[in-house]
Amino acid sequence: MLKRTHTCGEPRATHAGNTVTLCGWVNTYRDQGKGLVFLDLRDRDGLCQVVCDLEDAPPHVVAAARSLRREDCIAVKGLLRKRAGDPNLKLATGEVELLAAEIEVFNKAIDLPILPDDHDAPKINEEIRLKYRYLDLRRPSMQKILRERHRVLQYTRQYFSGQRFTEIETPLLIKSTPEGARDFLVPSRLHPGDWYALPQSPQLFKQILMVAGCERYFQICRCLRDEDPRADRQAEFSQIDLELSFVDRSDVMDVMSGFVQGLWKEMLGVDVPTITRMTWIDAMNRFGSDKPDTRFGLELHDISALAGKCGFKVFDEALAKSRLGKSGCVKAIVVPASMGQLTRKMTDSYADFVKTFKAGGVAVTKISATGTFETGIAKFVEPIAAEFKAALNAQPGDTILMVADHWEIAVKAAGELRLKVADDLKAVPAGMWNFLWVIDFPMFDFDEEGNRWVAMHHPFTSPNPDQFDLLESNPGACVSAGYDMVLNGSEIAGGSIRIHRTDVQEKVFKLIGLTQEDADRKFGFLLSALRHGAPPHGGMAFGLDRLVMHLCGTNNIRDVIAFPKTQSGGDLMIDAPGPVDDEQLKELHVRRAVTQKAPA
RNA sequence: GGGGUGGUAGCUCAAUUGGUUAGAGUACCGGCUUGUCACGCCGGUGGUUGCGGGUUCGAUUCCCGUCCGCCUCGCCA
């Protein structure tokens with residue numbers, strides 16, 4: 001077997017005159033006639049042109065060269081020389097070529113379903129790419145992503161190790177805690193009728209590691225949530241999971257800010273300035289989102305006070321609504337003329353768009369060149385024109401979009417509309433890295449259906465230090481010590497200071513409707529651990545896949561995972577999930593409730 | 001679970017709105033080509049139009065069902 005002396009990306013003019021062996025895949029094959037064949041040989045480092053001079057070569061080399069086709073895996077040995085023809089400036093190795101004296105064919109490739117050319121990738125259906133992932137991953141762009149992901153992992157270990165964090169593994173087979181996301185379940189063979197759950201996160205284990213005196217823990221771990229995927233969400237994903245003892249919220253946020261600043265410098269050479277903080281209520285009121293994209297304007301204005309004066313029925317009805325002490329409201333977005341014009345077709349489509357988020361519709365009006373209101377609800381606004389313009393600081397040519405409803409619905413719908421408008425008008429600037437901390441989340445949201453409070457973050461999140469009294473007196477107003485890190489409108493990390501006292505933890509469990517019995521059964525080990533001298537602690541978890549997505553400039557999470565799953569949780573390459581034998585089920589003490597599909 | 005969208009040659013797409021033998025590029029096969037480099041030129045193989053029904057003289061096209069991919073709402077403590 002020929003052993004390579006260089007990678008395909010390496011050869012330069014300085015190597016000319018050496019005998020070189022390259023290994024790789026035939027990227028292209030260019031037959032020039034009786035005497036001359038070119039091929040580009042590709043490995044993970046790049047491309048190098050191989051030339052076969054068939055007049056001088058021995059017959060078996062000629063035969064081998066003639067038989068080569070795309071994606072055959074070969075080795076070529078020969079003289080590396082400066083190109084006889086013009087150099088190819090598009091290739092790093094474009095000044096040289098390898099004159100084949102010996103060719104070893106490791107393996108031929110049969111007819112290819114897809115070609116691993118970068119320029120083909122966006123055109124090919126993902127279904128096919130996922131089925132033949134081993135070919136898809138041969139693309140230089142995919143190879144690059146895999147290696148960028150590796151660099152992120154390397155930097156992560158280096159940074160946190162440098163901050164005296166210890167990498168500790170936690171179990172994959174744990175028990176189900178039906179709070180939060182749906183668990184993946186695994187039947188136990190040794191305990192008939194019992195089930196393991198796969199972890200949604202190592203949350204409780206890392207807290208217990210703090211009780212265990214580890215002080216600073218991290219883990220790069222797989223987490224599993226049996227929920228429907230999205231473009232930026234997989235059921236099986238990776239987290240950079242962290243926990244620290246003897247810290248308050250700012251201590252954690254400082255360490256984590258340092259991490260992303262270092263990571264962006266390392267990966268992109270970008271200096272990320274001090275990451276600013278925004279309270280949740282500010283984020284919701286100004287951006288209609290708990291993960292605001294601050295790269296562009298279009299902030300939400302609250303015009304509830306004015307809206308009540310204009311006699312527009314929809315506004316009056318919305319303002320009369322009330323939920324959890326919050327009155328209904330009217331939110332307005334001023335789309336400045338300078339940002340571009342919204343067509344009638346666009347504004348018409350926004351009504352259906354906001355209905356997705358349970359809002360009734362969008363009220364539209366526009367300020368004409370002469371300063372009068374025109375179109376939409378102009379006649380209602382005209383009587384309060386001066387106040388209205390002043391409140392919004394609106395100028396001639398501006399379009400005003402308004403959403404009215406319950407506060408939650410109005411801000412959510414207006415926030416989504418804001419993103420939609422920015423996208424439609426291409427108003428999101430490229431090349432910006434807007435990091436942001438969102439803090440002071442409510443501890444609880446009220447679930448009308450279940451008639452109970454539910455933890456907004458998770459039930460181990462501590463209230464802010466000055467908020468403990470509110471836990472009992474006014475849970476709806478109680479603000480937590482949680483914090484999310486947001487990048488360009490995407491949540492890339494979340495965490496909190498945890499409850500480290502049993503009495504507080506029990507209060508929270510009680511508030512979310514867990515009886516003492518439930519709490520003991522599900523989380524008794526945590527309550528017990530907290531009783532044994534638990535230190536104050538808090539932590540964070542980064543979504544690794546999303547970090548890599550941002551760093552690689554893709555908005556498809558499957559691009560940054562070597563073997564991702566589809567929207568229905570399938571792996572198209574190995575055809576999972578799949579059927580199992582009756583014998584296997586018997587061992588697991590599991591009986592079928594549905595007839596299983598015949599194996600494909 | 002809901003909404004949207006797509007499925008035609010190995011791959012990417014087309015088919016004049018229901019009408020003759022379903023076309024093109026690419027890949028593949030054959031021939032030509034001694035400086036190409038996403039080589040070029042000539043020729044060729046290749047189709048259960050996702051699957052199952054229905055309407056019709058006739059269905060890629062219309063209808064019903066179903067499967068699969070993608071986007072999205074719900075969901076994601």
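Within every chain, numbering begins at 1; the chains are lettered A, B, ... in the order of the sequence lines, protein sequences first and strands thereafter. All values below were derived from every heavy atom in this structure, side-chain atoms included, with hydrogens, water molecules and symmetry-related copies excluded.
If you check B:rG18 for Watson-Crick or wobble pairing at under 3.5 angstrom, you find it has no partner at all. Searching all strands for a Watson-Crick or G-U wobble partner of B:rU60 with both distances below 3.5 Å returns nothing. Look at B:rU12: its Watson-Crick or wobble partner, with both distances under 3.5 angstrom, is B:rA24.
Centroid-to-centroid, the aromatic rings of A:Y483 and A:F441 stay 6.0 Å apart or farther.
OP1 or OP2 of B:rG69 has at least one side-chain nitrogen or oxygen of A:S568 nearer than 4.0 Å. One finds no side-chain N or O of A:T356 lying less than 4.0 angstrom from the OP1 or OP2 phosphate oxygen of B:rG3. For A:K123 and B:rC11, the shortest distance from a side-chain N or O to OP1 or OP2 is not below 4.0 Å. OP1 or OP2 of B:rC71 lies within a sub-4.0 Å distance of a side-chain N or O belonging to A:Q567. Put simply, A:N88 has no side-chain N or O that comes within less than 4.0 Å of OP1 or OP2 on B:rU36.
A donor and an acceptor atom sit less than 3.5 Å apart, one in the side chain of A:R230 and one in the base of B:rG74. Side chain A:R83 to base B:rC37: a donor-acceptor pair is found below 3.5 Å. If you check distances only, the side chain of A:R66 never reaches the base of B:rG31 with a donor-acceptor pair under 3.5 Å. The base of B:rC28 is not paired with the side chain of A:D111 by any donor and acceptor separated by under 3.5 Å. Checked by distance alone, A:E97 brings a side-chain donor or acceptor within 3.5 Å of a matching partner on the base of B:rG35. For A:D228 against B:rG74, a side-chain N or O and a base N or O form a donor-acceptor pair under 3.5 Å. For A:R129 against B:rC11, no side-chain N or O and base N or O form a donor-acceptor pair under 3.5 Å. No N or O donor and acceptor, one from the side chain of A:R225 and one from the base of B:rC76, sit under 3.5 Å apart. No N or O donor and acceptor, one from the side chain of A:R30 and one from the base of B:rU34, sit under 3.5 Å apart.
Ion pairing of A:D136 with A:R133 is present here, as a side-chain N (NZ or NE/NH1/NH2) and a carboxylate O approach within less than 4.0 Å. Salt bridge annotation for A:R501-A:D503: present, with a cationic side-chain nitrogen under 4.0 angstrom from a carboxylate oxygen. A salt bridge links A:D31 to A:R66: one of the charged nitrogens lies within less than 4.0 Å of a carboxylate oxygen. At a threshold of 4.0 Å, the pair A:K412-A:E416 counts as salt-bridged, since one of the basic side-chain nitrogens sits closer than that to a carboxylate oxygen.
The residue A:S201 sits close to a base: some heavy atom pair falls under 4.0 Å. Residue contacts shown for A:Q203 include a base, since a base heavy atom lies under 4.0 Å away. Contact annotation for A:D120: no contact, since no heavy-atom pair falls under 4.0 Å across all strands.
Taking the ring axis of A:Y217 as reference, the NZ or CZ atom of A:K206 does not stay both within 45° of it and closer than 6.0 Å to the ring centre.
Put simply, OH on A:Y29 is 14 Å from P on B:rU33, counting in whole angstrom units. Atom-to-atom, CG of A:D136 to C1' of B:rG10 comes out at 15 Å; the value is rounded to the nearest Å.
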